[in-house]
Amino acid sequence: MGETVRPKGLEGLSKSYDPAPIEDKWYARWIEDGIFKADAKSGKPPFSIVIPPPNVTGSLHLGHALDNTLQDILCRAKRMQGYNVLWMPGTDHAGIATQNVVERALREEGHSRESLGREAFVKRVWEWKEEYGGRIINQLKKLGASCDWNRERFTMDGGLSRAVRKVFVELYRKDLIYRGKYLINWCPRCLTALSDLEVEHKETEGRLYSVKYAFADGKGSLTVMTTRPETIMGDVAIAVHPRDERNRHLAGREVIVPICGRVIPVIEDNLADPEFGTGALKITPAHDPNDFLVGLRHGLEQIQVMDDRGRMNENGGKYAGMERFEARKAIVSDLAEQGLLAGEERHGHSVGHCYRCDTVIEPYLSEQWFVRTRPLADEDVRAVKEGQIRFVPEQWAGTYYQWMENIRDWCVSRQLWWGHRIPAWYCDDCGEVIVSLDEPETCACGGKLRQDEDVLDTWFSSALWPFSTMGWPDETDELAAFYPTSVLVTGFDIIFFWVARMIMMGCEFMEKPPFRDVYIHALVRDEKGQKMSKSKGNVIDPLVTIEKYGADALRFTLAALTVQGRDIFLSESRIETYRFFLNKLWNASRFALMNLECAACDAGNCGEGALRLHDRWIIARMSEVTEKMTELLDGYYFGESAKLMYDFVWGELCDWYLELSKPALRGDEGPMRKAASQSVIYAVFRDVLKLLHPIIPFTTEELWSAFGYGEGIIGRAEWPEPAALEDASGVLSDMDFLQALARAMRNLRAEAKLPPQKQVPVMCLRLKDVSGDKAAVVSENADLVSLLTKVEKTELLGAGEGKPPQCLSTVTGEWELFFPVGELLDVEKEIKRLGSELEKLEKETERTRAKLSNANFIDRAPAEVVEKERAALEAAESQKKRIEENIASLA
RNA sequence: GGGCGGAUAGCUCAGUGGGAGAGCACCUGCCUUACAAGCAGGGGGUCGUAGGUUCGAAACCUAUUCCGCCCACCA
């Protein structure tokens, strides 16, 4: 305090809140000011976040909007709190997604990726990226994201690509990456391998066919059940369980595979469930993950019957060339014709689909690269359990453990052209495999080398994001200053894809987990709780929303609806509701500015003595709110923090304080009081704007500038500190009393059906403790009570002084209020009203009495609770008595 | 099959041991010169069900029903 300021005033502030003209202006200003820039050499404490890089093909959806709003709130708050903040932005090259987008464009031009050739295709994708890849970045800016854009990264940047190769090579050297021919998930449309996570399992109605396999010795047949008869020509054995009394004796015999006529053995294996069907299971190692393992256990042949496009291959006999589901139909019909189909029933089961194109996944035998995850996983789980990483809300740690403890090797090679090419070279002459950071020229044997055609899973490079973006493997200032990052903010849907793998790579290569906290937020759904999707037509486009309501309205809504552990159900009407709040803040500010305009708000003009109860009260509340707000943001309680500010600004600052300060601002209380009110308003709005700035940066910046606070832009202002106030609790309780009194008076007026503006000459108040402080509160603030209630005079009744006749009345434990209404009094109605209050009290005292007569309660409950109950009972009893008296006096 | 979350006012949700709250919606009255995107007042809930712990349970424990989600090698 003590400074002199001249608010810029109302100029340019529209009569109601209109975000459009504000947002672009201020965003440009922030960039110009360089406020988002992190400084790796700063002496301030660091706070860092790496953005979950959106797909370069992406367009901002509500999930991004939520994720980035929350990150922005944290970053902006921390900046004001004096931290050196790095919010690292960037995009992900999104292998399959991006390749698909460009291939689609090519197809429209009558080309294909094959017709272009690899090099030209990749060039084409880069061109696409240059042209359209910045779209989502611009959309993030619209939202107000305060990333350090000078540092924008892309997972296929040179530096990041070098990090990818380095990690691959080192993992290979540590034998944590290997290559082998396994049964992997294959998308016959994308023509690539997928990791287990990239397969979406959907419950599908299929058919379960019973097929007869004749014994080779001609003596009878064996019935086997299958959902995939098209793989029958890949059968290499029939398995029965070794302890299956029904079938055990069959082991060692041979059966003839229908259609193709091959003879295969009946073997014993635990996989066969004696309870399922006939207990006999066909083994097709090249087309089923379980059968694959059985095949390995028993040294069985692997017969592939399909090609990479899901068509029957040369092993498919007469079905060769046929698409897999066509082949299924044809084979079933042929089996039926040959009398080998013993049955067919509906069968619900789970079928894997490609997470990118929704094609049914085919288990496919092929040569791929894998990361050996087990050795990495154990260490990571320990790190989390030791508390090096904290999941918020905690329950997600359980989800993480569950997956990590059952983790399987990660297939990282993809048969795509867009991505980080695997740094492995093969010598066709000697068979040597060279894995190296840089391209080797020739093989040691002198033979020519050929690089692996495949690229790495996109998630392989994003797993390195927290340190690759900071210049690793070089030892940079950024890494020293900002790694490990402070918090990762993301949705639960990518805990396995991304979070777990970042932890893996961070622990392995940086020897420290990549973040201290992981804040997992909810999914944004529509108002009915359904996932938003284009096909359902229930998508809310954040960009349209921003256009219509402003980024701040969207941000405030998302923050307000973010409660830990619950999904967000969003609808347009909710955004409207919160926009009303912005309008309220806007108008309250206009009101404040009207009254500050051209006034010197020199706090020196008003000594402590010029402050009245409501001034002290709002200062005390502001201080409490400041403390609470800081605490809530630190704990990631976004919804609670938004609500706190909403309630304070609307329910306390506007509804009470501004109303109460009107007379002083008009000058009715003299120049000292006017100056005092101005300086309080000025100070309170300063803190309110600061506290709200992380959530609604644009609006607060605009208002900050209008108020003319002297600290430059608000983003550079210092986070407020709670102020110590003498006798804050006395102030709060006095104000509580005043508010309760005002509400009671308004209630009685409403009861008497008086128009709100009609002046009432008098109400009488009888305090229980006549000589107490509250009497002084009433007399000192008589003008305010009158302002709030339009009751000209509040007459204090002395001890033993009788109330006037023909009154409406309200009785509390501490006081009685009488409203003399004369002839207007509807005696019967009033008696009825008081009677029902009496009834309510009766019930309450009943309960309290019962409690107090319970010896156990007296013995075991804490003394202060017992005391509280006693006091409550006493108060209620006297309240009852007084209501009874009032009723009696009416009758 | 394993795991997680939810069930509180018409709707959306707060509320982690001391007799249930908010916003929206609804009803009544007000254009009170910051704001009708507003102001004031009001009605509305045996906190999913059943047990248990406790002096005391919406909250803690057990079981159960329903809804949602995740994981898993369901022929």
Side-chain angles (χ1 to χ4, degrees), chain A residues 10 13 15-17 196-197 201 203 208-209 224-228 239 271-273 276-284 288-294 347-350 363 393 395-396 398-399 401-403 406 408 492-493 495-496 522-523 525 527 529 531 560-561 563 565-571 573-574 576-595 639-640 643 646-647 651 654-655 658-659 662 742-743 746-751 753-757 788-790 843-844 847-848 851 854-862 864-866 868-869 872:
Chain A
L10 286 163
L13 283 199
K15 211 181 156 200
S16 64
Y17 169 67
D196 295 336
L197 284 178
H201 290 274
E203 204 52 33
L208 185 60
Y209 303 94
V224 171
M225 296 185 125
T226 180
T227 52
R228 304 205 52 202
L271 179 66
D273 175 4
F276 190 93
T278 58
L281 172 67
K282 82 188 193 71
I283 302 298
T284 320
D288 181 278
N290 285 319
D291 297 3
F292 178 77
L293 296 174
V294 175
H347 182 67
H349 61 144
S350 164
Q395 81 220 30
W396 293 110
T399 304
Y401 295 139
Q402 210 209 332
W403 187 69
N406 299 302
R408 298 201 326 213
F492 61 80
D493 49 331
I495 290 180
F496 307 142
L523 226 56
R525 299 168 178 277
E527 57 201 309
K531 258 187 178 171
L561 297 180
V563 183
R566 257 213 221 218
D567 281 349
I568 294 176
F569 293 1
L570 189 73
S571 66
S573 66
R574 277 168 185 255
E576 251 167 49
T577 305
Y578 288 109
R579 189 209 22 185
F580 294 164
F581 170 69
L582 297 190
N583 191 51
K584 187 74 182 175
L585 175 69
W586 187 264
N587 278 300
S589 300
R590 284 181 58 241
F591 170 77
L593 287 163
M594 276 175 197
N595 288 288
E640 292 81 351
K643 190 174 150 33
Y646 185 103
D647 290 344
C654 293
D655 288 349
L658 294 183
E659 289 306 321
K662 278 175 179 176
R743 277 192 263 257
R746 286 165 172 172
N747 181 283
L748 288 188
R749 292 181 55 114
E751 212 57 59
K753 297 233 182 303
L754 292 180
Q757 282 315 100
L788 292 169
T789 61
K790 301 278 188 289
K843 272 187 202 154
E844 247 175 73
R847 236 176 315 169
T848 316
K851 221 170 187 180
N854 179 346
N856 276 327
F857 175 72
I858 306 288
D859 285 352
R860 305 197 192 185
E864 74 258 26
V865 172
V866 176
K868 216 175 101 192
E869 291 295 336

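Just so it is clear, the model here is predicted, and its values are computed rather than measured. Note on naming: letters A, B, ... go to the chains in the order of the sequence lines (proteins, then strands), and numbering restarts at 1 for each one.
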- With a 4.0 Å cut-off on heavy atoms, is A:Arg749 in touch with a base, just the backbone sugar-phosphate, or nothing at all? nothing

- Name all residues meeting the side-chain hydrogen bond (donor to acceptor under 3.5 Å, both in side chains) criterion together with A:Arg847; count only those two or more places apart in sequence or in a different chain, and write none if there are none. none

- Give the nucleotide from the list B:A37, B:G18, B:A22 with an atom nearest to the side chain of A:Asn583. B:A37

- Message: For B:A75, is there a stacking contact with A:Phe276, counting only centres under 5.5 Å and planes under 30°?
- Response: yes

- A:Asn587 side-chain N/O to A:Asn583 backbone N/O, donor-acceptor pair under 3.5 Å: yes

- Do the ring planes of A:His347 and A:Phe276 sit parallel (below 30°), tilted (30 to 60°) or perpendicular (above 60°)? perpendicular

- Query: Once Watson-Crick and G-U wobble pairs under 3.5 Å are found, how is RNA chain B written in dot-bracket notation, 5' to 3', with | for any base paired to another strand?
  - Reply: ((((((((.[[[[.)..(..]]]].(((((.......))))).....[[[[[..)....]]]]])))))))....

- Take atom P in B:G48 and the same atom in B:A14, then report the distance between them in whole Å. 13 Å

- Just how far, in rounded Å, is C1' of B:G3 from CZ of A:Phe496? 10 Å

- What is the distance, rounded to the nearest whole Å, between atom NE2 of A:His201 and atom P of B:G2? 19 Å

- Query: Under 4.0 angstrom, heavy atoms only, what part of the nucleic acid is A:Thr399 near: base, sugar-phosphate, or nothing?
  - Reply: nothing

- Looking across every strand, which nucleic acid part, if any, lies under 4.0 Å from A:Phe292 by heavy atom: base, sugar-phosphate, or nothing? nothing

- Note on the structure: Output for pair (A:Leu197 CG, A:Ile495 CD1), nearest 0.5 Å, gives 11.5 Å

- ring pair (Phe, Tyr, Trp, His ring centres under 6.0 Å) with A:Phe292: which residues, sequence neighbours excluded? none

- Item | Inter-nucleotide P distance (B:C24, B:A20), Å rounded | 23 Å

- Message: Distance check, P atoms only: B:G45 and B:U53, in whole angstrom units.
- Response: 31 Å

- Task: Specify the closest pair of heavy atoms between A:Asp196 and A:Arg408, including all atoms of both residues, with the distance to one decimal.
- Result: OD2-NH2, 2.7 Å

- Item | Residue A:Leu208, side-chain heavy atoms: nucleotide from B:A75, B:G5, B:G38 that is nearest | B:A75

- Message: Once side-chain hydrogen bond (donor to acceptor under 3.5 Å, both in side chains) is applied, do any residues pair with A:Tyr578, and if so which ones, sequence neighbours excluded?
- Response: none

- Message: For the C1' atoms, the ones on B:A9 and on B:A22, what distance do you get once it is rounded to whole angstrom?
- Response: 11 Å

- Task: Report which part of the nucleic acid A:Ala560 touches: base, sugar-phosphate, or nothing (heavy-atom distance under 4.0 Å, all strands).
- Result: nothing

- Query: If you measure from the P atom in B:G10 to the same atom in B:G44, how many Å do you get, rounded?
  - Reply: 12 Å

- Item | Passing option when A:Trp586 is tested against A:Tyr17, A:Phe580, A:Phe591 for ring pair (Phe, Tyr, Trp, His ring centres under 6.0 Å) | A:Tyr17

- Which part of the nucleic acid does A:Glu203 contact within heavy-atom distance under 4.0 Å: base, sugar-phosphate only, or nothing? base

- Message: Looking only at the side chain of A:Gln395 (C-beta and beyond, no hydrogens), which of the listed nucleotides B:G23, B:G5, B:G41 gets closest?
- Response: B:G5

- May I have the step-by-step check of side chain to side chain contact (heavy atoms under 4.5 Å, CB included) for A:Leu271 and A:Asp291, ending in yes or no? CA-CA 9 Å; A:Leu271 179 66; A:Asp291 297 3; 4.0 Å; yes

- Specify the separation, in whole Å, of atom CG of A:Leu523 and atom P of B:G5. 17 Å

- A:Lys851 side-chain proximity, nearest of B:G19, B:G41, B:C70: B:G19

- Do you know which two heavy atoms are closest between A:Val224 and A:Leu281, and how far apart they sit? CG1-C, 4.2 Å

- Which nucleotide, B:A75, B:G41, B:G23, lies nearest any side-chain atom of A:Arg574? B:G23

- Note on the structure: To the nearest angstrom, the CZ-C1' distance between A:Arg579 and B:A36 comes to 13 Å

- Tell me which nucleotide among B:G2, B:C74, B:C24 gets nearest to the side chain of A:Gln402. B:G2

- Query: Mind checking the C1' distance from B:C66 to B:A72? Whole angstroms is fine.
  - Reply: 24 Å

- Query: Hey, which of these two, A:Glu844 or A:Thr226, hits RNA chain B nearer its 5' end, going by closest nucleotide?
  - Reply: A:Glu844

- Message: Which residue is it: A:Phe496, A:Phe492, A:Tyr401? I am looking for the one with a ring pair (Phe, Tyr, Trp, His ring centres under 6.0 Å) to A:Trp396.
- Response: A:Phe492

- Rounded to whole angstrom units, what separation is found between the CZ atom of A:Phe857 and the P atom of B:G56? 11 Å

- Side-chain-base donor-acceptor pair under 3.5 Å for A:Glu576 and B:C24: no

- Task: Using atom CG of A:Leu593 as one end and atom C1' of B:C35 as the other, report the distance to the nearest whole Å.
- Result: 14 Å

- Query: A:Phe581 has an atom CZ; how far is it from atom P of B:G23, in whole Å?
  - Reply: 13 Å

- Message: Does B:U54 have OP1 or OP2 under 4.0 Å away from a side-chain N or O of A:Asn856?
- Response: no

- Testing B:G15, B:A75, B:G41 for proximity to the side chain of A:Glu640, the answer is B:G15

- Could you tell me which residues satisfy side-chain hydrogen bond (donor to acceptor under 3.5 Å, both in side chains) with A:Arg228, sequence neighbours excluded, listed by chain and number? A:Glu230, A:Glu362

- Message: If I pick the P atom on B:A75 and the same atom on B:G15, what distance separates them, to the nearest angstrom?
- Response: 42 Å

- Starting at the 5' end of RNA chain B, which residue's closest nucleotide do you reach first, A:Thr848 or A:Leu281? A:Thr848

- Task: Provide the distance between the two C1' atoms, one in B:U65 and one in B:C27, to the nearest whole Å.
- Result: 36 Å

- Message: Can you tell me if A:His347 touches the phosphate of B:A75, counting only side-chain N or O atoms and a distance under 4.0 Å to OP1 or OP2?
- Response: yes

- Atom CG of A:Asn747 to atom C1' of B:G41: distance rounded to whole Å? 7 Å

- Note on the structure: 5' to 3', nucleotides 26-34 of chain B under a 4.0 Å protein heavy-atom cut-off (B base, S sugar-phosphate only, - none) gives ---S--B-B

- Task: Quick one: do A:Asn595 and A:Lys662 satisfy side chain to side chain contact (heavy atoms under 4.5 Å, CB included)? Show the steps, please.
- Result: CA-CA 9 Å; A:Asn595 288 288; A:Lys662 278 175 179 176; over 6 Å; no

- Check: A:Arg847 side chain, B:G19 base, donor-acceptor under 3.5 Å: yes

